[in-house]
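Heads up: numbering here begins at 1 and tracks the sequence.
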Amino acid sequence: MKYLLGFLAFIGIISCSTSQVSKYSKIEYEVGPCFGFCPVYKITIDNNRKAILEAEHFNFSEGGSKDDLSKPREGTFTATISKEDYQKLVEMVDNADVRNLKDSYIDERIMDASKSDLRIGFSDGTKKSIQLSAGEKPRELVSLQNYITELKQNQKWTKIK
């Protein structure tokens, strides 16, 4: 009986440790300015669910004026993404099939929208970078962008700088 319990404990430990391994070492999303009051920021989420938000302008307030761009940046913040939210993020990256997407979805005809970069670090050491702007792109990629924006908005950020 004690061998059976030992075996079950061993299986439990193995399954717990392997379930924590993520396919992605880092997910980074950076959004640049537009010709309005678009949030300017970079969010980085590592495979331990630690998030760092480098907030430039218009992240914690709406509206404003162009003079706000001359004000100091909002700061650097940290948060820990919940296991559920992180799992959903991983599923959305999987569904977008980022490895097989084009490197650029920039529509040069749309000049007033912000441009963004999605950078994915895979656990095998490879990386994928995708440049984005307004315009046509795969639906799953749009969903991923929207979800990362939601994550940015619904975290309890702690200012570190």
Are [X] and [Y] connected in the hydrophobic side-chain network, where two residues link if heavy atoms are under 4.5 Å apart?
X	Y	answer
Leu89	Val142	no
Val90	Ile148	yes
Tyr147	Ile45	yes

When rounded to the nearest 0.5 angstrom, what distance separates [atom1] in [X] from [atom2] in [Y]?
X	Y	atom1	atom2	value
Thr80	Asn48	OG1	CG	9.5 Å
Ile120	Lys127	CD1	NZ	12.0 Å
Leu151	Asn146	CG	CG	11.5 Å
Glu140	Leu144	CD	CG	10.0 Å
Tyr41	Ser114	OH	OG	8.5 Å
Arg73	Lys161	CZ	NZ	7.0 Å

query: When you look at Phe60 and Phe77, which way does the side chain to side chain contact (heavy atoms under 4.5 Å, CB included) test go after all the steps?
result: CA-CA 12 Å; Phe60 299 105; Phe77 302 81; 3.6 Å; yes
task: Show the numbers, then the answer: is there a side chain to side chain contact (heavy atoms under 4.5 Å, CB included) between Leu118 and Leu141?
output: CA-CA 10 Å; Leu118 176 65; Leu141 185 56; 3.8 Å; yes
Which heavy-atom pair separates [X] from [Y] by the least distance, and what is that distance?
X	Y	result
Lys159	Gly75	CE-CA, 4.1 Å
Met92	Ser143	CE-O, 3.3 Å
Lys152	Pro39	NZ-CB, 4.1 Å
Arg99	Asp124	NH2-OD2, 3.2 Å
Tyr86	Ile81	N-CG2, 3.6 Å

Sole residue of Glu74, Glu54, Glu30, Glu56 in side-chain contact (heavy atoms from CB on, under 4.5 Å) with Val40: Glu56
So do [Y] and [X] actually touch side chain to side chain, heavy atoms under 4.5 Å?
X	Y	result
Lys115	Gln131	no
Glu136	Asp107	no
Lys50	Thr44	no
Leu101	Pro138	yes

field: Worked check of side chain to side chain contact (heavy atoms under 4.5 Å, CB included) between Leu53 and Thr78
entry: CA-CA 6 Å; Leu53 173 64; Thr78 187; over 6 Å; no
task: Give the intermediate values and the outcome of side chain to side chain donor-acceptor pair (under 3.5 Å) for residues Asn47 and Lys26.
output: CA-CA 6 Å; Asn47 58 359; Lys26 181 169 55 170; over 6 Å; no
message: Using only atom types and a distance under 3.5 Å, with no angle test, would you say the side chain of Ser25 pairs donor to acceptor with the backbone of Gly121?
response: yes
- request: Would you please classify the geometry between the Phe122 ring and the Tyr24 ring as parallel, tilted or perpendicular, with 30° and 60° separating the classes?
  value: tilted
task: Output, in order, the C-alpha distance, side-chain angles, deciding distance and verdict of side chain to side chain contact (heavy atoms under 4.5 Å, CB included) for Ser104 and Lys102.
output: CA-CA 5 Å; Ser104 179; Lys102 297 188 303 185; 5.9 Å; no
Tyr29 six-ring centre to Arg119 NZ/CZ under 6.0 Å and within 45° of normal: no
